[in-house]
Every structure is written in C-alpha cells, then in structure tokens.
Amino acid sequence: MNVDVSARHGHSHDDVAAVERALDRLRARGHRITGARHAVIEALATVDGHPSAEQLSEQVRQLHPTVHRATVYRTLETLATLGVVTQVHVGGSATTYHLAAQATGHDDHLHASCRVCGRIIDLPSDLLDPIKRRLADESDFQLDPPHIALSGTCRSCQ
C-alpha cells in the first residue's frame, strides 16, 4: 500500500519518508497495514509537536473523514505496543504521542513539560543515563524515560 501522501495532502518529503519507514517497520514484523494505521501514522508524521489522542483524532478526521475517533484511540494503543509510536505520559494532562525514532529517522529523545503553559520540550536522549545506570545498579530497576515527561517550568514561564 504505497500511497503518495505528498501529492494528496501537500506533505514534505520528510513526512512521506517517516510514513514509509513506519509502515515498513510494521511490514517487516508481519503486521497488517490497515487504513486506520496508515491514517494515524500519516497524521503523526504531519502534525507538529506532541499531540494528544484528541488532537490527533482531529488531524486524522481532516485527512481521512471516515476514520472514527475510537478507532484512532485503539490504533494509537496498538502502534505504541508495536513500537511505531511513542506515548509520553505528561503529569496532570493527556498522554501525548509522536512517531518512534525509527520512523522519523531522528534520535530518540526525552521530554520536559512546563506545568504553567503545558509546552513539551524535547531533551537529549542521554540526559538521564547516569540516573538509569544508578537505578539499574542499586535498585535492579530499568528506567524507561522516553515515555514520561519531566515536570518543571520553562524559561518563558519562570
């Protein structure tokens, strides 16, 4: 199912490449490419930032009006389980989503969330490595930091 999303919706080459990488990842693991999976991946590739499921549902509805909101939610869960989508749990607000690093071609990253304005800031992926090592050594605990957002106050809100 190679669809030229750039021709239909004016997406950039990077967006199209991210969609294809995500779909290739699913195919390589023997998973089906359903219309809903394609629509959610396409929406994630074209939306800026870290959208909530509700925001993503609106984006999917604009691109593919026949995909129901509940289907978007279920598809996000499935794609997260399959490693194509990263869920970021932001304290006190909705979970946000983005394509996993393997799909975007960018390095994985961590997240910080401003508790005043709600902005999510991308952080270097190795920022918490010393803490991860210490937790593993001292507590036999494996930290999975890309799925949580550190809470604090951004420079603009300080």
Side-chain angles (χ1 to χ4, degrees), residues 1-125 127 144-157:
M1 179 175 185
N2 274 346
V3 178
D4 184 2
V5 295
S6 63
R8 280 199 332 221
H9 301 293
H11 300 320
S12 76
H13 176 65
D14 289 344
D15 296 345
V16 174
V19 170
E20 286 307 314
R21 277 192 296 272
L23 295 175
D24 287 346
R25 185 172 168 92
L26 287 173
R27 285 184 199 104
R29 293 178 167 189
H31 299 288
R32 291 184 10 212
I33 308 299
T34 65
R37 288 178 182 178
H38 190 278
V40 168
I41 290 168
E42 182 181 348
L44 277 169
T46 59
V47 70
D48 288 329
H50 299 78
S52 67
E54 183 62 34
Q55 292 166 330
L56 199 55
S57 178
E58 287 300 318
Q59 178 74 8
V60 168
R61 189 174 9 261
Q62 289 176 16
L63 297 171
H64 304 277
T66 60
V67 179
H68 191 271
R69 183 174 66 186
T71 303
V72 171
Y73 282 68
R74 282 192 308 274
T75 302
L76 281 168
E77 291 296 320
T78 300
L79 292 174
T81 300
L82 298 176
V84 175
V85 169
T86 299
Q87 295 175 317
V88 182
H89 303 287
V90 181
S93 66
T95 298
T96 66
Y97 300 85
H98 64 81
L99 287 176
Q102 297 86 351
T104 63
H106 298 109
D107 292 333
D108 212 355
H109 59 274
L110 305 179
H111 306 90
S113 172
C114 178
R115 65 176 163 254
V116 177
C117 69
R119 187 172 130 222
I120 296 177
I121 301 162
D122 291 345
L123 303 171
S125 62
L127 185 68
D144 192 10
H147 298 287
I148 59 157
L150 300 172
S151 180
T153 309
C154 72
R155 181 174 292 147
S156 299
C157 293

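For this chain, numbers begin at 1 and follow the sequence in order. Values reported hereafter were calculated over all heavy atoms of this structure, with side chains retained and with hydrogens, waters and symmetry mates removed.
Minimum heavy-atom separation, Ala36 to Thr75: CB-OG1, 3.6 Å. Between Asp15 and Ala45, the closest heavy-atom pair is OD1-O, 2.9 Å. Considering every non-hydrogen atom in both Val72 and Ala53, the closest pair reads CG1-O, 4.5 Å. Between Ser52 and Tyr97, the shortest heavy-atom contact is C-CD1, 4.2 Å. In terms of heavy atoms, Ala18 sits closest to Leu99 at CB-CD1, 4.1 Å. Ala43 approaches Val60 most closely through the heavy-atom pair CB-CG2, 3.6 Å.
Side-chain contact check for Ser156 versus Cys117: every heavy-atom pair is 4.5 Å or farther apart. Looking at Gln55 and Val47, their side chains never come closer than 4.5 Å, going by heavy atoms from C-beta outward. Between Leu150 and Leu123, the closest side-chain pair of non-hydrogen atoms falls below 4.5 Å. Leu26 has its side chain within reach of Ile41: a pair of non-hydrogen atoms, C-beta onward, lies under 4.5 Å apart.
Few gaps surround NE2 on His89; more than 12 heavy atoms of other groups in view lie less than 6.0 Å from it.
Using cut-offs of 30° and 60° on the angle between ring planes, the pair His50 and His111 is perpendicular.
The CZ atom of Arg69 sits 5.0 Å away from the CD atom of Glu54 when rounded to the nearest 0.5 Å. Rounded to the nearest 0.5 angstrom, Thr96 OG1 and Ile120 CD1 are separated by 4.0 Å.
Remark: Arg27 engages Asp24 in a salt bridge, criterion side-chain N to carboxylate O under 4.0 Å. A salt bridge is absent between Arg74 and Glu77; no separation between the charged side-chain nitrogens and carboxylate oxygens falls under 4.0 Å.
In summary, of the residues considered (His38, Glu42, Gln59), a side-chain hydrogen bond (donor to acceptor under 3.5 Å, both in side chains) with His64 occurs for Glu42 alone.
Side-chain atoms of Arg119 do not come within 3.5 Å of backbone N or O of Cys154 as any donor-acceptor pair.
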Subject >> Criterion side-chain contact (heavy atoms from CB on, under 4.5 Å) on Leu79 and Leu44, from CA distance to verdict >> reply: CA-CA 11 Å; Leu79 292 174; Leu44 277 169; 5.6 Å; no
